[in-house]
2 protein chains.
Amino acid sequence: MSDLLERLRGRGWRMTAQRRVVAEVLNGDHVHLTADEVHARAVVRLPEISRATVYNTLGELVSLGEVLEVATDKRAKRYDPNAHRPHHHLVCAQCGAIKDVHPDGNPLADLPDSERFGYTVSNVEVTYRGLCPNCAAA
Amino acid sequence: MSDLLERLRGRGWRMTAQRRVVAEVLNGDHVHLTADEVHARAVVRLPEISRATVYNTLGELVSLGEVLEVATDKRAKRYDPNAHRPHHHLVCAQCGAIKDVHPDGNPLADLPDSERFGYTVSNVEVTYRGLCPNCAAA
DNA sequence: ATCCTACAATAGACTTTGTCTAAGTCAATC
DNA sequence: GATTGACTTAGACAAAGTCTATTGTAGGAT
């Protein structure tokens, strides 16, 4: 059922009830949960799962490159299972709702040499902010 | 001596020793300190200043629009006094050194309507990551 | 110059987010 | 089905930040 689970099994990842539940909770599009939210949802399916396990599992998924860490708000890190297709984020300034977006162009090319300070630049993150339809209406 | 201090006085900001010290610590280019770093430097000049005051003062400077909050790493917020000229950030993935940069183009225009999900988009932050010359040499 | 008062600063408890450790449990293999 | 090393657990700990009740003070009024 889950792409993520299948990929993990294919990599020989040792499967446990806890890890399966975490992977299942993360499955889907435009999913950007904090560690505590993942834990809260995991507890519904597996009441004895501990916070430490959720943190460990999320950390491993990030190391494996199957999940991305996103820092869109300044509170908790969020975890994004959409690690296959590169994308950026659009965040509601009021309610925090997050969408994955795919802007045109290549921001990396827009940084002139004179603005690189000798850095070897390898990566760009773009975060758009605004109001979602719900919050704009209110 | 300080642009920031003068602007604040001009706005009728009530001046106290603590607020002056915080504003002085923040003055400069490519300054991106955490709240605790600001506190550490403020304590050198004014030993009895408290953490809460530093947080309060930073919060007010942000509300006044004189200082920006930056979330380049996922630990503590950083405070950037360069709030007048819009800019983005270039971060060393290893040591965390941060530079202010001014890319060409307008990333806002690069987000097509079909990727806006009905949001009213008002703002973009771009974070470049790579290795600074020091860390690349090591 | 002194007094007042509203605003600012303080200490420290509290919250949130995340990490670590030592001991117990279990998935995969033999 | 026994073994074993990786996984999980509870709870202590740490870092970053917020809140509150109390004390202090900048700056206007007198």
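First the proteins, then the strands, lettered A, B, ... as listed; each starts at 1.
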Between [X] and [Y], is there a side-chain N and carboxylate O pair less than 4.0 Å apart?
X     : Y      : value
B:R11 : B:E66  : yes
A:E24 : A:R45  : yes
B:K99 : A:E115 : no

Legend entry - Quiz item: B:R14 side-chain donor-acceptor pair to C:dC7 base, under 3.5 Å: yes

From [atom1] of [X] over to [atom2] of [N], roughly how many Å is that when rounded to an integer?
X     : N      : atom1 : atom2 : value
B:M15 : D:dG28 : CE    : P     : 13 Å
A:R20 : D:dC7  : CZ    : C1'   : 15 Å
A:L33 : C:dG18 : CG    : P     : 13 Å
A:E69 : C:dG18 : CD    : C1'   : 11 Å
A:L61 : D:dC7  : CG    : C1'   : 14 Å
A:N56 : D:dG11 : CG    : P     : 17 Å
B:Y79 : D:dG17 : OH    : P     : 6 Å
B:E37 : D:dG17 : CD    : C1'   : 15 Å

Legend entry - Donor-acceptor pair between B:D100 and B:H88 side chains, under 3.5 angstrom: no

Legend entry - Donor-acceptor pair between A:H89 and A:R129 side chains, under 3.5 angstrom: no

Does a side-chain N or O of [X] approach OP1 or OP2 of [N] to a distance below 4.0 Å, or not?
X     : N      : result
A:T53 : D:dT9  : yes
A:Q18 : D:dT9  : yes
B:T16 : C:dA9  : yes
B:Y55 : D:dT18 : no

Legend entry - Interatomic distance, B:D113 atom CG to B:Y119 atom OH [nearest 0.5 angstrom]: 15.0 Å

Legend entry - Atom pair NE2/CD1 of A:H30 and A:I98 - distance to nearest 0.5 Å: 11.5 Å

Legend entry - Members of residues 39-52 of chain B that approach DNA chain C, where some heavy atom sits under 4.0 Å away: B:E48, B:I49, B:S50, B:A52

Legend entry - Closest to side chain of A:A35, choosing from D:dA16, C:dG18, C:dT10: C:dG18

Legend entry - Residue mapping more 5' on DNA chain D - nearest nucleotide basis, A:R75 or A:E60: A:E60

